[in-house]
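No experiment lies behind these values; they were computed from the predicted model shown. First the proteins, then the strands, lettered A, B, ... as listed; each starts at 1.
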Amino acid sequence: MFSAFALIDCNNFYASCERVFDPSLKGRPIVILSNNDGCVIARSGEAKELNIPMGIPEFKVRPLIKKHNIAVRSSNYALYGDMSSRVIETLRTITSDIEVYSIDEAFAGIHARTENELRQIGFEMRMKVYMCTGIPVSVGIAPTKTLAKIANECAKSHESLKGILHVKNREIIKRMLKATSVSNVWGIGKNYSTMLERNGIQSALQLSEMPDNWVRKKMKVTGLRTVLELRGEPCLDIEESMVHRKGILSSRSFGSPVTSLADLKEAISSFTERASEKLRAQNSVVSTLTVGLVTNKYDDPLMPYKFGKTVNLPNPTASTLSLTKTASHCVEELYDPSKVYKKGLVMLTGLLLQSEVQRDLFDEEIYQNRDHKLMECLDGLNAKYGRKTIHSASTGIDQSWQMKQQYLSKRYTTRWDELMVVRV
DNA sequence: TCTGGGGTCCTAGGACCC
DNA sequence: TCTGGGGTCCTAGGACCC
């Protein structure tokens, strides 16, 4: 029996999603902007070729966009999220051993009787996902996750490989690592690659040949794991369920600068509502809430621009009502009328499973008793009739702080009223 | 004019305990 | 001059990912 790790990665995922529903975009360069239409966060192959950098503010490439008639879209997470689940569902028909790693990537454990069959499985994944969803994917297959990541990169960048690379023996692995720069290794970020290059280490192969204790000292245990994986020794396994997150963050830049306390409270209420929905979705309660307000960090780089307040909750809860109240108090304490706010955030940490919570001896109106049923009812209605059917009045009506989404495409797969129209 | 939004893991150091 | 020794828990911050 032969086993290996496969990494399945959607090619230019956001751009590909837009293309599935708008064929006029085929062959045309596309960029997708971050929330609030701030930065470029995804590009089609054509846009990459035009040297539009990842993460660049949109206004800096506006001339280029005009010049090359580049299509621009706001992030449409309703669409991308749904397409992502369809890709995963398709993969699950091939193997159940799947770890959803991000919105556009999944690891799979694959097993076969021959080496050749492993590669066949990769082909099947690629074909089937494209047929069922219209999304092109690349597949890298290798003895460890870290090597599968690199194999995937190669599969994507070398046309002759037709979107799939299976590295099975030492020779091929060595060749691949020699051609991979250390900064492109999964787990090696900007800081480590600068440090490594200072020490004369440029390729992934060189890194894999460094002594264990040196790596351990310079890059901690996580770095050592990466190196072992490069040598073909698996340290990371497929993690099938990541159901319970350890922290929940809900934050947004405002569509336009906010100065009034009332607007801030609305915005923070709205973020709190969203965060507590996520909290209840994983059957947890929270014991620590942090509210943050952010001003423009580019105004004066020497001045503080982040202001936060953290509250430990005596009774862990998942009630939107009680969390919103606490968050509002935090805003009142943080608020400075002389400041112009750009962004707000709500962070929930110290999450506990609801079933594990210790009840407070003296508090009779704890979450389990009172708000729990109300929240259940509210979540039920929103699940049935769509998000925000019922929501807290404290989140405001006109929501002038809402983010900009000037170039949003339709939610083709999740809204009846936004279905694609086909002419006959 | 204009600069994203989520997450994870690990470690060092302080607080506190006996 | 000199100030125990061994733990645990928590938090902040740094590193990374997409």
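Taking Phe307(A) as the reference, nothing meets the ring-ring contact (aromatic ring centres under 6.0 Å, His included) condition, with sequence neighbours excluded. The side-chain hydrogen bond (donor to acceptor under 3.5 Å, both in side chains) search around Ser24(A) returns Asp22(A), not counting sequence neighbours. Taking Glu209(A) as the reference, nothing meets the salt bridge (Lys or Arg N to Asp or Glu O under 4.0 Å) condition, with sequence neighbours excluded. Every residue was checked against the salt bridge (Lys or Arg N to Asp or Glu O under 4.0 Å) condition with Arg415(A), not counting sequence neighbours, and none meets it. In this view, Glu229(A) satisfies the salt bridge (Lys or Arg N to Asp or Glu O under 4.0 Å) rule with no residue, not counting sequence neighbours. Taking the salt bridge (Lys or Arg N to Asp or Glu O under 4.0 Å) definition, one finds that Glu273(A) meets it with nothing, sequence neighbours left out. Legend: residues meeting side-chain hydrogen bond (donor to acceptor under 3.5 Å, both in side chains) with Thr414(A), ordered by chain and number and at least two apart, are absent.
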Notebook entry, point to check: For DNA chain B, what dot-bracket results from Watson-Crick or G-U pairs at under 3.5 Å, with [ ] for crossers and | for inter-strand partners?
Noted result: ....||||||||||||||

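Looking at heavy-atom distances under 4.0 Å, Lys278(A) makes contact with sugar-phosphate atoms alone, never a base. Among the heavy atoms of the strands lying under 4.0 Å from Ile188(A) are primed sugar atoms or P, OP1, OP2 only; no base atom is included. Val185(A) comes within 4.0 angstrom of sugar-phosphate atoms only, judged by non-hydrogen atoms across all strands, and of no base. Residue contacts for Leu345(A): at a heavy-atom cut-off of 4.0 Å it reaches no nucleic acid atom on any strand shown. Within 4.0 Å of Lys149(A), counting heavy atoms only, lie sugar-phosphate atoms of the nucleic acid but no base atom. Residue Asn35(A) is in sugar-phosphate contact alone, with no base atom involved, counting any heavy-atom pair closer than 4.0 Å across all strands shown. Among the atoms of the strands shown, none is found under 4.0 Å from any heavy atom of Asn296(A). Among the atoms of the strands shown, none is found under 4.0 Å from any heavy atom of Gly223(A). Here Arg225(A) lies in heavy-atom contact (under 4.0 Å) with sugar-phosphate atoms only.
Comparing Arg252(A) and Cys39(A) by the nucleotide of DNA chain B whose heavy atom lies nearest to each, the residue mapping closer to the 5' end is Cys39(A). Taking the nucleotide of DNA chain B with the nearest heavy atom to each of Ile248(A) and Tyr14(A), the more 5' of the two is matched to Tyr14(A).
Using cut-offs of 30° and 60° on the angle between ring planes, the pair Phe254(A) and Trp401(A) is perpendicular. Between Phe107(A) and Trp186(A), the angle of the ring planes lies from 30° to 60°, which puts this pair in the tilted group.
Chain A approaches DNA chain C over the interval dA15(C) to dC18(C), counting the first and last nucleotide 5' to 3' with an atom under 4.0 Å from its heavy atoms.
When the C1' atom is used for both dG4(C) and dC16(B), the distance is 16 Å, rounded to whole Å.
Evaluation of the salt bridge (charged side-chain N to carboxylate O under 4.0 Å, His left out) test over residues 255-271 of chain A, restricted to residues two or more places apart or in two chains, returns Lys265(A)-Glu332(A).
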Throw together a table of side-chain donor-acceptor distances under 3.5 angstrom for residues 219-226 of chain A, partners on residues two or more places apart or in other chains.
residue, atom, partner, partner atom, Å
Thr226(A), OG1, Thr222(A), O, 3.2

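For the segment residues 44-77 of chain A, the set of residues with a heavy atom within less than 4.0 Å of an atom of DNA chain C is empty.
Salt bridge status for Lys149(A) with Glu153(A): absent, with no side-chain N to carboxylate O gap under 4.0 Å.
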